[in-house]
Amino acid sequence: MAIKIYNTLTRSKEDFNPGNQPQVTFYVCGPTVYDFIHIGNARVFIIFDVIRRYLQHRGFDVTLVQNYTDIDDKMINRANEQGITVPELAARFIEAYEQDVAALKVRPADLKPRATEHIEQIIELIEKLLAKGYAYISEGDVYYDTSCYADYGKLSQQKQDELLAGARVEPGEKKHSPLDFALWKQKKVGEPFWESPWGEGRPGWHIECSAMSTHYMNDTLDIHAGGADLIFPHHENEIAQTWGADGRPLARYWMHAGYLNLESQKMSKSLGNVRTVRELLVQHDPLDLRFLILSAHYRSPLNFSTELVAQSGAGRQRLQGMIDNLLVALKGAAAQQGEGEEKLQANLKEAQERFVNAMDDDFNTADALGVIFDLARNCNIYLKESHPYHQKLLGEVLQFYRDFNAIFEVLEISEKQELEKEISALITRRDEARATKDWATSDRIRDDLSARGIVLEDTPHGTRWKHKE
RNA sequence: GGCGACAUAGCCAAGUGGUAAGGCAGAGGACUGCAAAUCCUUCAUCCCCGGUUCAAAUCCGGGUGUCGCCUCCA
């Protein structure tokens, strides 16, 4: 069965058929590196990280490209405010971005091109557009002539006259139409600039993605993705440029992540209601943040609050606890089959199918997590009722969770260290005390260990311990 | 003003025609020396009003509400 992807271009779910199977070219619009990223930005990167990993899990050979926008108005203004150069600003926030995103377990893209390193390709693209008459020069600037492209507005489902009706008209515009957009901006005093056939200047914002994706992929992308606020005008403009220059669609599938809201309002740098990843990481486990983001479907709006992080953290802890117990149980598991394992075997098989079905259906991570919780409960029942455990079965369950975690990465699955001798000895002493109903001693030992971050759990099959979360 | 999305329990959230996944929180219970962890039970007729249908949370029409885009924004 094919993976289904909701394509913004057609507003419907379509079977995923990459152009050159099993290769998949995947372009995600990256950050403008003028500030720390906020949790809303992070949602996009986390979601597409999971989608990338899932495609790999399903056997696709994915090449992920994510750009850095390191030259534009915001970059120039911020650099001026801080009294540093634009390259200095970019270097600083590219580093910050990579740190933040790494903390959130987002894997780096295969290619991370920067706009300023592709001025040559950008100029070539603009020359093509000028040669074909799809662009015009106006007082040193170069603009794309949107009236040349009949489908302009298709992605955002707006007609050109409707867009015109709502367009803001600036006095002294150099554009012929308010819908036209800059491909090249003439330099102003004190601004960074590059030489071009039209004089010194710098690229407009939208042109870099078209130029770089063409440069690296050299063909229509399989997936082009970004936040929903890029639909218009950014992606609309990219489509127009690539169509104008090469007469081909930029991408087959357009994917857009829903907004992350703070108190039901869009979080955005311009509204000033931002919570940076950096700030949130101080008080939250990055895996909790990841878990919260994946608990909703990627296209739905998602509210963010400390309470919600705590809620999803509590659920995540339950999964983590099951995994910890599973790892312990596996150590003492037997080679032979045991009682009551048919049920878990059936649960596992069902979970495997449901998980793939959920993810195949436009990456329904919320549904998939439901499957994960279902199996966790069934596994807990088995661990409670079916001693001795069957090694092979537990191994299969663990493998399923490892596969899941290779995509979602919301759990820590690693073999625990051997019981340290000291802890082992303390547990033995406590057991002796308990045997003589010396509760004062047994509680003291437990409290001491608790103070050191070790939690004891008494089970019918002995006492086990784990590190406190 | 134009365009669009959404509206499911205290909270979060799946579910596009056949009588409501999952999680958090709460209540009761089991287990425990007490805990912790875990398990069991319990907690929704799906914003409102009409319509189509044997059958609708799911389709259609009309409301109401929230949010977004039309301007930089993930």
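When reading the values below, keep in mind they use all heavy atoms of this one structure, side chains included, and skip hydrogens, waters and symmetry mates. Just so you know, these numbers come straight off a predicted model, no measurement behind them. Chain naming here is simple, since letters A, B, ... match the order of the sequence lines and numbering starts at 1 in each.
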Trainee: Is there a side-chain polar atom (N or O) of S300(A) under 4.0 Å from OP1 or OP2 of rA14(B)?
Mentor: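 For rA14(B), OP1/OP2 do have a side-chain N/O of S300(A) under 4.0 Å.
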Trainee: Using modelled atom types and a 3.5 Å cut-off, is there a donor and acceptor pairing between side-chain atoms of S138(A) and backbone atoms of D141(A)?
Mentor: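 Checked: no pair found.
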Trainee: When the aromatic ring centroids of Y54(A) and F404(A) are compared, is their separation below 6.0 Å?
Mentor: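 Centroid distance Y54(A)-F404(A): not below 6.0 Å, so no.
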Trainee: OP1 or OP2 of rA37(B) less than 4.0 angstrom from a side-chain nitrogen or oxygen of K384(A), does that happen here?
Mentor: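 For rA37(B), OP1/OP2 do not have a side-chain N/O of K384(A) under 4.0 Å.
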Trainee: Does any nucleotide pair with rA7(B) by Watson-Crick or G-U wobble geometry, both distances under 3.5 Å, and what is it?
Mentor: rU64(B)
Trainee: Run the salt-bridge test on R53(A) and D49(A) with the 4.0 Å N-O cut-off and return the result as yes or no.
Mentor: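 Yes, R53(A) and D49(A) are salt-bridged.
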Trainee: Does a distance-only test, which skips hydrogens and angles, find a donor-acceptor pair under 3.5 Å between the side chain of R434(A) and the base of rC34(B)?
Mentor: no
Trainee: Do H206(A) and F181(A) have ring centres separated by under 6.0 Å?
Mentor: yes
Trainee: Is W439(A) close enough to rA35(B) that one of its side-chain N or O atoms is under 4.0 Å from OP1 or OP2 there?
Mentor: no
Trainee: Under 4.0 angstrom, heavy atoms only, what part of the nucleic acid is N364(A) near: base, sugar-phosphate, or nothing?
Mentor: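 The answer is sugar-phosphate, as N364(A) gets under 4.0 Å only of primed atoms, P, OP1 or OP2.
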Trainee: What contact category does N380(A) fall into here, base, sugar-phosphate, or nothing, at under 4.0 angstrom with non-hydrogen atoms?
Mentor: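 N380(A): backbone/sugar contact only, no base atoms under 4.0 Å.
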Trainee: Provide, to the nearest angstrom, the distance between the CZ atom belonging to F291(A) and the C1' atom belonging to rA13(B).
Mentor: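 Result: 11 Å.
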Trainee: Can you tell me the pairing partner of rC69(B) across any strand shown, Watson-Crick or G-U wobble, with both distances under 3.5 angstrom?
Mentor: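 Across any shown strand, rC69(B) pairs with rG2(B).
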Trainee: Taking the P atom of each, how far is rA35(B) from rG29(B), in whole Å?
Mentor: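 The same atom, P, in both gives a distance of 12 Å.
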Trainee: Side chain of Q311(A) only, heavy atoms from C-beta on: which candidate in rA36(B), rC12(B), rA74(B) is closest?
Mentor: rC12(B)
Trainee: Write down the partner of rG17(B) under the Watson-Crick or G-U wobble criteria, each distance required to be under 3.5 Å.
Mentor: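 Check on rG17(B): unpaired, no WC or wobble geometry under 3.5 Å.
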Trainee: Please give the nucleotide sitting opposite rC59(B) as a Watson-Crick or G-U wobble pair, both distances under 3.5 Å, or none.
Mentor: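 rC59(B) is paired with rG51(B).
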Trainee: Does R318(A) get its side chain close enough to the base of rA37(B), under 3.5 Å, for a donor-acceptor pair?
Mentor: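 No such pair is found, so the answer is no.
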Trainee: Is the shortest distance from a Lys or Arg side-chain nitrogen in R444(A) or D447(A) to a carboxylate oxygen in the other one below 4.0 Å?
Mentor: no
Trainee: Sort out the partner of rC46(B) for me: Watson-Crick or G-U wobble, both distances under 3.5 Å, none otherwise.
Mentor: none
Trainee: On RNA chain B, check which nucleotide each of F373(A) and G40(A) is closest to and give me the residue with the more 5' one.
Mentor: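 Looking at the nearest nucleotide for each, F373(A) comes out on the 5' side.
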Trainee: Listed by chain and number, what are the side chain to side chain contact (heavy atoms under 4.5 Å, CB included) partners of F373(A), not counting sequence neighbours?
Mentor: F291(A), R318(A), L319(A)
Trainee: Applying the Watson-Crick and G-U wobble criteria at under 3.5 Å, what pairs with rA27(B)? Answer none if nothing qualifies.
Mentor: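 rU41(B) - that is the nucleotide pairing with rA27(B), both distances being under 3.5 Å.
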Trainee: State whether N325(A) places a side-chain N or O below 4.0 Å from either non-bridging phosphate oxygen (OP1 or OP2) of rU38(B).
Mentor: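 For N325(A), the contact criterion (side-chain N or O under 4.0 Å from OP1 or OP2 of rU38(B)) is not met.
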Trainee: Kindly say if R354(A) contacts the phosphate of rA14(B), meaning a side-chain N or O under 4.0 Å from OP1 or OP2.
Mentor: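 For rA14(B), OP1/OP2 do not have a side-chain N/O of R354(A) under 4.0 Å.
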Trainee: Distance check: side-chain N/O of R377(A) vs OP1/OP2 of rC40(B), anything under 4.0 Å?
Mentor: yes
Trainee: Which comes earlier along RNA chain B counting from the 5' end, the contact point of A296(A) or that of T32(A), where each point is its nearest nucleotide?
Mentor: A296(A)
Trainee: Hey, is the side chain of D438(A) pairing donor to acceptor with the base of rG33(B) inside 3.5 Å?
Mentor: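 No.
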Trainee: Is E457(A) touching bases, backbone alone, or none of the nucleic acid, heavy atoms closer than 4.0 Å?
Mentor: base
